[in-house]
Amino acid sequence: MDLRSYREIAWNGWWKQNPGIVQILGLCPTLAITTSVVNAVSLGLATVLVMAMSNLAVALLRNFIPYEIRIPVFILVIAALTTVVDLAMNAYLHQLYLVLGIFIPLIVTNCIVLARVEAFAAKNSPLASTLDGAAMGLGATLVLTVLGAMRELVGIGTLFSGIEMVIPGTHEIHVLGADYPGFLTFILPPGAFFALGCLIAGRNWLEARQQARARLTRSAPSPQEA
């Protein structure tokens, strides 16, 4: 594969086939854990690690895995790597680990991870597969981060609440002031659905606008024709 192909893989993960706002996969952690930026980024980065390593492992082993049992083997690989990430977070980021709770082990059942392993890693080279996993994971992390920022900012008026669990000695930023009363709906599940709907609508609007500009450019007469 050439550089252009790698760029296309990265662009697919970040925008064109973004798992959060295009494929709409992994909604359970997306809606449940995005009550703050710190939670969202932490779970997103854990997912990036699992996706990149899973894609690499499956790409390396794909010729040795019988087709009939590929799904159980894929899940076994994902589960093993998720366990590594889970134990590492428990050891080095224990407070954050307690906050994220069950959603770290649930990466095993995340549709995003299994979908990329089955659709891409099982058919492509290790380097391309690793890039695909990382790009898709980063695309999902971007959505989680923006969603977490929206909900935290509107819900409680801060950003980076809980950052002291990751970087001791730091504290959250009171963007809307310490006396901001908060908007509880955005912290609850209805706020998550509303915020995600806004992100999907915004992405679709940008795509429609870009396509309209492309059509106008193609239909515009050239200087020679004019």
Side-chain angles (χ1 to χ4, degrees), residues 1-59 74 77-78 81-82 85 89 100 103-104 106-153 159-160 166 192-211:
M1 300 180 73
D2 56 12
L3 182 59
R4 182 178 180 182
S5 299
Y6 291 127
R7 288 178 177 174
E8 183 67 21
I9 291 173
W11 183 244
N12 277 338
W14 297 338
W15 183 258
K16 192 175 180 181
Q17 294 295 327
N18 186 288
I21 55 176
V22 178
Q23 300 183 63
I24 321 295
L25 297 174
L27 284 185
C28 180
T30 299
L31 299 176
I33 210 66
T34 54
T35 53
S36 71
V37 175
V38 173
N39 293 352
V41 173
S42 301
L43 185 64
L45 293 179
T47 305
V48 171
L49 286 175
V50 173
M51 290 189 70
M53 292 189 299
S54 298
N55 274 21
L56 174 60
V58 170
F74 294 164
V77 170
I78 296 169
L81 295 171
T82 301
V85 173
M89 291 193 69
L100 297 180
F103 290 102
I104 301 175
L106 280 179
I107 293 175
V108 177
T109 60
N110 196 317
C111 299
I112 303 171
V113 185
L114 184 59
R116 297 319 299 171
V117 166
E118 166 70 9
F120 197 94
K123 304 170 185 175
N124 291 277
S125 67
L127 180 58
S129 298
T130 304
L131 177 60
D132 177 78
M136 286 289 173
L138 288 172
T141 302
L142 177 61
V143 173
L144 289 172
T145 303
V146 175
L147 196 58
M150 290 172 61
R151 295 181 66 193
E152 182 182 354
L153 183 60
L159 285 177
F160 304 106
V166 181
F193 278 103
F194 178 77
L196 182 62
C198 289
L199 290 183
I200 295 172
R203 190 263 176 195
N204 291 343
W205 176 77
L206 289 174
E207 278 291 299
R209 185 179 181 184
Q210 184 178 7
Q211 292 173 7

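Each residue takes its place number in the sequence, starting with 1.
- Applying the side chain to side chain donor-acceptor pair (under 3.5 Å) test to Asn39 and every residue at least two apart in sequence or in another chain returns Ser36.
- Residues meeting the side chain to side chain donor-acceptor pair (under 3.5 Å) test with Trp15, sequence neighbours left out: Glu207.
- Under the rule for a ring pair (Phe, Tyr, Trp, His ring centres under 6.0 Å), Tyr6 has no partner lying at least two apart in sequence or in another chain.
- Within the structure, side-chain hydrogen bond (donor to acceptor under 3.5 Å, both in side chains) pairs that include any residue of residues 19-35 comprise Thr34-Arg151 (at least two apart or interchain).
- A search for side-chain contact (heavy atoms from CB on, under 4.5 Å) contacts involving Phe193 returns Leu31, not counting sequence neighbours.
- Glu8 pairs by the salt bridge (charged side-chain N to carboxylate O under 4.0 Å, His left out) definition with Lys16, not counting sequence neighbours.
- Shown here are the side chain to side chain donor-acceptor pair (under 3.5 Å) partners of Ser5, two or more places apart in sequence or in another chain: Asp2.
- Within the structure, salt bridge (charged side-chain N to carboxylate O under 4.0 Å, His left out) contacts touching residues 22-45 (residues at least two apart or in different chains) do not occur.
- In this structure Glu118 satisfies the side chain to side chain donor-acceptor pair (under 3.5 Å) test together with Arg70, sequence neighbours excluded.
- Residue pairs that meet the salt bridge (charged side-chain N to carboxylate O under 4.0 Å, His left out) test with at least one member in residues 18-35, sequence neighbours left out, do not exist here.
- For the salt bridge (charged side-chain N to carboxylate O under 4.0 Å, His left out) condition, no pair includes a residue of residues 24-47, sequence neighbours left out.
- Contacts classified as salt bridge (charged side-chain N to carboxylate O under 4.0 Å, His left out) and involving residues 123-143 (residues at least two apart or in different chains) are given here: Arg116-Asp132.
- Rounded to the nearest 0.5 Å, atoms CG (Asn55) and CD1 (Ile78) are 8.5 Å apart.
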